[in-house]
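These notes are about the structure you will find just below.
For ligands, and for the atoms within them, numbers begin at 1 and follow the listed sequence. This one's a predicted model, so the numbers in the text were calculated from it and none came from an experiment.
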Amino acid sequence: MDEVIGLCRRRGFVFQSSEIYGGINGFFDYGPLGVELRKNIKDAWWQDMVHRRDDVVGVDCSIIMHPKVWQASGHVDGFSDPMVDCKESKMRYRADQLFFSPVIVEGETIGYVSALEDAGMEKEAADKAAEMKRKLAKQGELAPVELKPYTEADPSEYEKIPSPATGKPGSLTPPRDFNLMFETNVGAIRDDSARAYLRPETAQGIFAEFRNIVDTGRVKIPFGIAQVGRAFRNEITPRNFIFRSREFEQMELEYFISPDEEEWPRVHREWIDRCKNWLSSIGLRPELVGEDVHPQDKLAHYSQACTDLTFHYPFGVQELWGIAARGNFDLTQHQKHSGKSMEYFDESRKEKYIPHVIEPSVGVDRIFLAVLCSAYEEDEIGGEKRTVLKFSPRLAPIKAAVLPLVKNKPELVERARALYTRLQRRFPVFYDASGAIGRRYRRQDEVGTPFCLTVDFDTVERDNLVTIRDRDTCKQERVTEEEAIARISAAVYGE
Ligand code: GAP
């Protein structure tokens, strides 16, 4: 992970927000290459989920909506995570990410160990337990540690579990609910009547606009409404770089279907497969993508089913894309709270109903991180180590670099600049004339540029051909400019 974060910083993909003031936890800025990669991810999603489908339309809703939206959706009362404070260190943890275990020797509990959720937490806890047994000079067999989240601790155990910050027991509070919505005030008066929220998901904008889309959009069930936009959550423990942040972007789609019992399991499965195939189509290595089916007893009360597509990040297997069958909970709630009908008249069945919905919801930033981790490789070319990002050409921030072999031959430079201008009309391209040619190739490999085009003496003096170099194979071929453009187009647009 450190290598990926280092590369992001060094080559201008992602920076900590407000770095010059020491940074602000959970917020990030995207630099020149990051902004291109992010845009390419969003464009690819929009093209494939909206433009290339007959049954999906888009919306772009405001970030701040009427506060009643969030009462109806259940976010005001229920959108919270359990939080635990360490009174001594003033550190704050998510109680479901803080794990503990009693340390038992020969049936006697000699103390407790704790660890924060992490791929290595089992080992960390086992080492701490062995250390405790040694320090207390206890004889006999140490029982294996069995970690449980702090949310499952018995109140009598709170005082005994050590704080991860101090390593000592006695300073952790019981878990308390912490609402994740950011509050703000609308207008000049700052009282309860002016309280509003930064949206914690884009989905509710879609539900709130359902009536308008049906009345104006010529849509027929089954159909989807898609939205890409910022969401804000005051996460207790933002972590793992951009994986869990406080300001992020979502790509959400609400796919409305009839309430027929047999409809939702079929459409739910179709969307799981579609999303999984889409991840492969943008270049994620399939062996890193998995499925996690939520057990029935862990589902939210309104949810019929939820399957996460997971990704094997360097810090563990984590949720990337949630695909939920939400029944008709949201539209029913908005009908109740707004007093406006959310019923849909189905012409083909000559009946009215509140549609059910399948919701694939994914974070742009989580895909961004998965794309980087999947593409990152270190290999050796001609005995020299290189770092390469094997982005699919569709997502690559720069599609091609134009490199004059030398920078002090005016005819050669002029020719390379002309080719660069020609390409610039079609793709984001980069011109680089400084340094040895091998080093220039490495610089492009490191930012994932799929093609380099080199203009050399033969180009201007002999054959009019340029050298096209492939990032992944490092193979070089001499081709006409037209052929080079055709190859780049085919790789980027799949034409
Ligand atoms: N409308 C449903 C919804 O918002 P969610 O599981 O809370 O469901 C959906 O969020 C997706 O949004 C997640 O699968 C993840 O990709 C992304 N996401 C959620 N919280 C995030 C955070 N704090 N930082 C980055 N991405 C986040």
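Contact annotation for S245 and ligand 1: heavy atoms of both the backbone and the side chain come within less than 4.0 Å of the ligand. Both the backbone and the side chain of R244 come within 4.0 Å of ligand 1, judged by heavy-atom distances.
Distances from atom 4 (O) of ligand 1 to the heavy atoms of E247, E235, R233 show the closest one on R233.
Ligand 1 has no N or O atom lying under 3.5 Å from any N or O atom of D365, backbone or side chain. When only interatomic distances are considered, the shortest N/O to N/O separation between G363 and ligand 1 falls below 3.5 Å.
Residue-ligand proximity, E252 to ligand 1, at heavy-atom distances under 4.0 Å covers atoms 1 (N), 2 (C), 3 (C), 4 (O). Taking every heavy atom of G322 and a limit of under 4.0 angstrom, the matching atoms of ligand 1 come to 14 (O). The atoms of ligand 1 that sit less than 4.0 Å from any heavy atom of A203 are 1 (N). Ligand 1 places these atoms under 4.0 Å from at least one heavy atom of L320: 14 (O), 15 (C), 16 (O). Annotation for ligand 1: atoms under 4.0 Å from non-hydrogen atoms of V362 are 16 (O).
Using bins of under 30°, 30° to 60° and over 60° for the plane-to-plane angle, the ring pair F243/F315 lands in the perpendicular bin. Aromatic ring orientation, F311 versus Y313: perpendicular (interplanar angle above 60°, classes split at 30° and 60°). Classified by interplanar angle (parallel below 30°, tilted 30° to 60°, perpendicular above 60°), the ring pair Y344/Y353 is tilted. Between F27 and F182, the ring planes are tilted. Angles from 30° to 60° get that label. Ring-plane geometry between F28 and F241 is classed as perpendicular, the angle between the planes exceeding 60 degrees on a 0 to 90 degree scale with a lower cut at 30.
When atom types are taken as modelled, the side chain of E263 and the backbone of S258 share no donor-acceptor pair closer than 3.5 angstrom. In terms of modelled atom types and a separation under 3.5 Å, the side chain of D96 and the main chain of P149 share no donor-acceptor contact.
Looking from atom 6 (O) of ligand 1 to the surrounding protein, the closest heavy atom is E319 OE2, 3.3 Å. Annotation: atom 15 (C) of ligand 1 to nearest protein heavy atom, R366 NH1, 3.5 Å. In terms of protein heavy-atom proximity, atom 25 (C) of ligand 1 is nearest to F243 O, 3.1 Å. Given atom 18 (N) of ligand 1, the protein heavy atom at minimum distance is F248 CE1, 3.6 Å. Looking from atom 10 (O) of ligand 1 to the surrounding protein, the closest heavy atom is Q250 NE2, 3.5 Å. Of the protein's heavy atoms, E359 OE1, 3.1 Å lies nearest to atom 2 (C) of ligand 1. Nearest protein heavy-atom neighbour of atom 8 (O) of ligand 1: S361 OG, 4.1 Å.
Looking at D379 and R386, a side-chain N of the basic residue comes within less than 4.0 Å of a carboxylate O on the acidic one, giving a salt bridge.
Side-chain rings of F256 and F210 approach one another, their centers coming within less than 6.0 Å. Residues F368 and Y30 place their aromatic rings such that the two centres sit under 6.0 Å apart.
Taking the side chain as every heavy atom from C-beta outward, F15 and R9 approach each other to under 4.5 Å.
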